[in-house]
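Taking it in order: structure first as C-alpha cells, then the write-up.
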Amino acid sequence: MLKLQRLKTNFYKQNTFKLARALLGKYLVRKIGKKTLIGKIVEVEAYYGPKDKASHASRGRTERTKTMFEKPGTAYIYMIYGMYYCLNIVTEKKEFPAAILIRALEPYCCHPEPSRRVATKSRHDSASASPRRAEPTMTEKLSNGPGKLCQAFKIDKKLNGENLISSKKLYLAKNPQEQISPSQIKKAKRIGVDYAGHYKHKLWRYYLKNNPFVSKR
DNA sequence: CCTGGGATTTTCT
DNA sequence: GAAAATCCCAGGA
C-alpha cells in the first residue's frame, strides 16, 4: 500500500531549480469530496524571476501574475489558449516571482467513474521493463501534458492561490520509500516558449528518463 | 517522421 | 487587437 506524507513548508523553501528536480517522483493529491486522485510528477519546468522572458512575471505584477509573487507552496493556476488550465507551484520568497509548471503526471490510481481496472498491476514502477499496459485508464490518457492533467484532476482557477501546505483539496506528498537519483533525471529546453529571446534556450525543463507519461522527449 | 493550422477566451497593450 | 507556459488532427515527405 502506498504510504504518503504531505510535503511541508521546508520542502518548498528550496531554490527553484533544486525544487524542480525534487518534485520529480513526488505525488500530486487532489481530493474531491470523498474521492482522491493521485498522480506522480514526472515532468516539470522552472520559471524564474522577473528577467525570464518566458515567465508571465517578466512583465511585472498584474491581476493574473500576482499569485507568482506569493509565498512558496502556493498554487498558481492560469488559463491558457482559452481552453486549458496549467498548474504551477510557486517558489522562492514572497515578492520574488518564480514557479514550477507541472507538465505531466503518472496516475497512481483511481479514476472511479468507468469500471475500469487500474492498469499498473505491479505497482512500484521498477526500472524493469514492464510489458505494455493493457487498458490505459482514463487518467493515463489524460495526464501527459500540462493542460490535460488539469482537466483530468479537475483543477481550475478556483484553486488559484491555494496553499498546498494546508489545503484539503490539493497538495503534494512523498512516499518516503521512493528516492529519485540524479541519473534518472533528464534536462531539456522548455516547451512552447520560442518568443522568449535567449531564455528559450535555458535547460529549465526536467523529466524522468524513460517515463512514458512525459509529454515530450 | 515532421510541419502547420484551428479551436477558444483571457489577459494585457 | 494580438498573443498565448496547449492540444489534436490532417497532410506531406
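Keep in mind it's a predicted model, so treat the numbers as computed, not measured. So you know, we letter chains A, B, ... as the sequences are listed, proteins then strands, and number each from 1.
Within 4.0 Å of A:Lys216, counting heavy atoms only, lies no atom of the nucleic acid at all.
Residues forming a salt bridge (charged side-chain N to carboxylate O under 4.0 Å, His left out) with A:Lys189 (at least two apart in sequence, or on another chain): none. Under the rule for a salt bridge (charged side-chain N to carboxylate O under 4.0 Å, His left out), the partners of A:Glu45 that lie at least two apart in sequence or sit in another chain are A:Arg103. Partners of A:Arg21 by salt bridge (charged side-chain N to carboxylate O under 4.0 Å, His left out), not counting sequence neighbours: none found.
Between the side-chain ring of A:Tyr195 and the base of C:dA4, no stacking contact exists by the 5.5 Å and 30° definition.
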- Pairing of DNA chain C as dot-bracket, 5' to 3': ( ) intra-strand, [ ] crossing, | other strand, . unpaired, with Watson-Crick or G-U pairs under 3.5 Å? ||||.|||||||.
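Residues A:Tyr78 and A:Thr67 fail the side-chain proximity criterion, which asks for heavy atoms closer than 4.5 Å. A:Phe17 has its side chain within reach of A:Tyr206: a pair of non-hydrogen atoms, C-beta onward, lies under 4.5 Å apart. Side-chain atoms of A:Asn160 and A:Tyr85, non-hydrogen and from C-beta on, never get closer than 4.5 Å to each other.
Annotation: cation-pi pair A:Arg190/A:Tyr199 absent, no NZ/CZ under 6.0 Å from the ring centroid and within 45° of its normal. A:Phe153 does not carry A:Arg30 over the face of its six-membered ring by the limits of under 6.0 Å from the centre and within 45° of the normal.
Within the structure, every side-chain polar atom (N or O) of A:Lys157 is placed at least 4.0 Å from both OP1 and OP2 of B:dT9.
Taking atom CE of A:Met79 as the reference point, atom P of B:dA7 lies 17 Å away to the nearest angstrom. Atom-to-atom, CD of A:Glu63 to P of B:dT10 comes out at 14 Å; the value is rounded to the nearest Å. Per the geometry, OH belonging to A:Tyr85 stands 10 Å off P belonging to B:dT9, to the nearest Å.
Each of A:Ile155, A:Leu170, A:Leu105, A:Ile32 was checked for a side chain to side chain contact (heavy atoms under 4.5 Å, CB included) with A:Leu37, and the lone residue meeting it is A:Ile32.
In this structure, the ring of A:Tyr48 has its center less than 6.0 angstrom from the ring center of A:Phe96.
Residues from residues 53-60 of chain A that place a heavy atom under 4.0 Å from any atom of DNA chain B: there are none.
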- Item | Nucleotide-resolved protein contact map, nucleotides 6-13 of chain C, B/S/- at heavy-atom distance under 4.0 Å | BSS-----
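Proximity of a side-chain donor or acceptor of A:Thr74 to a complementary backbone N or O of A:Val90 within less than 3.5 Å is not detected.
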